[in-house]
Structure formats: C-alpha cells, structure tokens
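Notes follow the structure.
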2 protein chains.
Amino acid sequence: MSESEAYLQIGEVAERTGVTQRTLRFYEEKGLLKPPSRMDGGFRLYSEDDVKRVKQIRRLQDLLGISLADIKDMVDAGEILRELKAQYRPEAGIAEKKRQLERAIEVVHAQYAIVKQKTEQMAEMKAQLEERLKTFERWRKELEQLDEKAAVALS
Amino acid sequence: MSESEAYLQIGEVAERTGVTQRTLRFYEEKGLLKPPSRMDGGFRLYSEDDVKRVKQIRRLQDLLGISLADIKDMVDAGEILRELKAQYRPEAGIAEKKRQLERAIEVVHAQYAIVKQKTEQMAEMKAQLEERLKTFERWRKELEQLDEKAAVALS
DNA sequence: GGCGGACTTAACCCCTACGTCAAGGTTATA
DNA sequence: TATAACCTTGACGTAGGGGTTAAGTCCGCC
C-alpha cells in the first residue's frame, strides 16, 4: 500500500487487460473490483493488483463460463489468502485464520472440480471432432475421384 | 421425413433435453431450430433429430461458451453433412456438394481449434489449482501445529 | 358429448453482462 | 488559453434466456 506505486488510469488498465472501460466500471459496480482511488478531478486510479484481478476474472469467465457472482466468491477467497500470506503475525487470532483458510480451500476445491469435469468433457469432444474430420476428408477424396471420372467421361 | 415417426410435444422435448419450453421457442425464434410441424390446434411437434440438435447446442454452449450465432453456423454445417450423407445420389451436382463439404470441414476445423486451445488452457489451470491446494494444505497443517502448542501453553 | 385436468400458446417484464451513445468535466500539450 | 485526448455519470440497447399469466387446446373418462 505504499504511496509511490505507479497508478494507472482506466484506459491503460483496459488496454492491458483487454476489457473495455465500461467493463471495469461494471465490475466495480458489482463488487468484483474494489472502488479504486481517484485523482482530484475524479479520474479512477488503479493499481497493478487490480490489473491482476481483472485478468483472473477473465480467465475464470472464459475457461469455466461461470457467473460473475460465482467468480466474485473465488477471487474474494484468493484475496483472503493473499492477506493471510501478507500478515503472517498471529495477531488476528488463529481460529479466525483457520476458518478463512478452510473456506478458501473449499472454494479452490470447487473450482478444481469444475475444471476437472470440463477437461474431461473437452477431451471427449476433441476426440469426436478428430474422428469427424477424418470422415470428412475421406468423403472429400471420394468426391474428387468422382469428379475426375466425370471429367474423363466428358472429354 | 416419413409420416410414421414418433413426434414429440414441447414438454417432452424439454424434459429429455434439460432445457425449458421457453428456451425451445427461443431457439426456434432465433433460427437455431427449424420451425417444427404443428398439430391442428397449433401445438408444436418435434422429431428425434430436433432433440439431438438441442443437445448439441447445449454442449457447444456449456463447453465452449460461444454465441448462439456461432453455434448456429456449426449445427448448420452438421446438418448439411447429414443431408450429404442421406442423399447419396449425385443428382444435386458434385460441385455443389464439394463446396458444402469444404465449408463444413472449415467449420469443424474452427471448432477443433477452439476446443484444442481451451483444452490446453484448462490443463494449465488445473495444474495451478493443484499446486495451490498443496500450498494451502501445508498452511493448514502449520496452523494446526500452532494451535496445539497454544492449547498446551494454556493447560 | 361434455367435463376436468394437463398441456400449450403468445405476451409481457425481469435478469446478467456488458455495448453504445450523449453531454459534459479534466488533463496534457502547444 | 485553446484544444485534443481522456475521463465522468447516466440512460438506453442487446443477447440469451427465466418467470409468470391469461387464454386456448387436447385427451381420457363418465
């Protein structure tokens, strides 16, 4: 949280993450991004952590296709872990930390289950597509042979 | 297209495909399903092919997370192929068939590329999650050891 | 042949995850 | 200080549906 970090305006964050400015404001509105600091004139100022978070959100969206509400749970759990990691002094109470950690583990487990299932389905689909392609190529060759014969018949 | 096929009403199709009746009408509206035949009273009558098509649409949606417009292209290509398969007489013109087949191959290639890319990204994500889980479990054990020591200190 | 319950119809608004202007304020550069 | 480039909030639009409802249809049973 040092004051000397390089802050980014919304346009640069948009460019670096591949999402639109509208999307960044939308994520903020929905609680997926914490409200960033502002310049005097009201312009949003993001941190590098915000950039990482946006990228994480997009990966979860693209790969798992889950709702933003679910993604919020996941990235929140990730945030908790980063906090646990950062403040390694036990002043917050061990029991409290343990609960947070177990909650986070639960979330990661759920995420893992989704990824595993999708991976399997994907592999199945990939195999089917490969088979399909082979069939089609064979047909194409058959058609080409028919075509050649027709050309010969016409000559 | 025989008249003796077992036709299904929308409710049964909904049940067998796992989508709502509303969704079936929506797909029809968007051109993903061809308008089914109707009973005298106006009730929709679906075929087994329609059921297959709906299942295919859902799989593409769930696994690839692509738009209905893209899905329409893909299932249309599949449809063309089924037609090619069915009418194996060359009356439609070989050149025409060849174009259709090549178009279909193109679409399947595109689909395959998406699946392949997603498969790779998914594998990467899975590995990351596994590593994460290991880290967390280690932390949990550390916390538990701290907890035991605290209990001993209090006794 | 007529009744009741299950089924279907189109129509309407609600939801998510943004896209797309519009009208105006801010910052940087000349 | 002017002007381009960037940003602000707000409002409306779109895709892909979900929920609900009033009204019409089908079908077995008496």
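Chain naming here is simple, since letters A, B, ... match the order of the sequence lines and numbering starts at 1 in each. All values below come from the heavy atoms of this structure, side chains included, with hydrogens, waters and symmetry mates left out.
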For nucleotides 27-30 of chain C, tabulate all protein N/O to nucleotide N/O atom pairs closer than 3.5 Å, reporting atom names and distance.
from	atom 1	to	atom 2	distance (Å)
dT27(C)	OP1	Gly41(A)	N	3.1

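- Whole-Å rounding puts the Lys30(A) NZ to dC18(C) P distance at 11 Å.
- Legend: salt bridge (Lys or Arg N to Asp or Glu O under 4.0 Å) pairs involving residues 51-60 of chain A, not counting sequence neighbours, sorted by first then second residue: Arg53(A)-Asp76(A), Arg53(A)-Glu79(A).
- In this entry the distance linking CG of Leu45(A) with P of dT26(C) reads 15 Å, nearest Å.
- Atom CG of Leu64(B) sits about 7.5 Å away from atom CD1 of Ile71(B), to the nearest 0.5 Å.
- In this structure, the separation between CG on Leu68(A) and CE on Met74(A) is 12.0 Å, given to the nearest 0.5 Å.
- Between Glu28(A) atom CD and dC7(D) atom P the separation is 14 Å, expressed in whole Å.
- Atom OH in Tyr27(B) sits roughly 15 Å away from atom P in dA15(D) (whole-Å rounding).
- Summarising the geometry, the separation between CZ on Arg44(B) and C1' on dC7(C) is reported as 13 Å, rounded to the nearest angstrom.
- Between Arg99(B) and Glu102(B) there is no salt bridge, since no side-chain N of the basic residue sits under 4.0 Å from a carboxylate O of the acidic one.
- Identified under the side chain to side chain donor-acceptor pair (under 3.5 Å) test for residues 113-136 of chain B, with sequence neighbours left out: Tyr112(A)-Glu130(B).
- Atom-to-atom, CD of Glu15(B) to C1' of dC7(C) comes out at 13 Å; the value is rounded to the nearest Å.
- Of the candidates dG16(D), dT8(D), dT9(C), dT9(C) carries the atom nearest the Arg38(B) side chain, counting heavy atoms from C-beta on.
- If you check residues 70-77 of chain A against DNA chain D, you find no residue with a heavy atom closer than 4.0 Å.
- Checked for salt-bridge contact, Glu28(A) and Arg44(A) meet the test: a charged N lies under 4.0 Å from a carboxylate O.
- For Arg22(B), there are no salt bridge (charged side-chain N to carboxylate O under 4.0 Å, His left out) partners at least two apart in sequence or on another chain.
- A donor-acceptor contact shorter than 3.5 Å links the side chain of Ser37(B) to the backbone of Leu45(B).
- Using a 4.0 Å cut-off, no side-chain N or O of Gln21(A) falls inside it from OP1 or OP2 of dG19(C).
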Between the protein and nucleotides 19-22 of chain D, list the N/O to N/O atom pairs that are separated by less than 3.5 angstrom.
from	atom 1	to	atom 2	distance (Å)
dG19(D)	O6	Arg22(B)	NE	2.9

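- With sequence neighbours left out, Lys30(A) forms a salt bridge (charged side-chain N to carboxylate O under 4.0 Å, His left out) with no residue at all.
- By the side-chain contact (heavy atoms from CB on, under 4.5 Å) test, Glu15(B) is found to be paired with no residue, residues two or more places apart in sequence or in another chain being considered.
- Every side-chain hydrogen bond (donor to acceptor under 3.5 Å, both in side chains) that Thr23(A) has, sequence neighbours left out, goes to Thr20(A).
- Gln9(B) pairs by the side-chain hydrogen bond (donor to acceptor under 3.5 Å, both in side chains) definition with nothing, not counting sequence neighbours.
- Summarising the geometry, the separation between CZ on Phe26(B) and P on dG16(D) is reported as 6 Å, rounded to the nearest angstrom.
- The phosphate of dA15(D) has neither OP1 nor OP2 within less than 4.0 Å of any side-chain N or O from Ser67(B).
- In this structure the side chain of Leu129(B) never reaches within 4.5 angstrom of the side chain of His109(A), judged on heavy atoms.
- Taken residue by residue, residues 51-58 of chain A places no heavy atom nearer than 4.0 Å to DNA chain D.
- Listed by chain and residue number, nothing satisfies the side-chain hydrogen bond (donor to acceptor under 3.5 Å, both in side chains) test with Arg103(A) (two or more places apart in sequence, or in another chain).
- What separates CD of Glu12(B) from P of dC26(D) is a distance of 17 Å, to the nearest Å.
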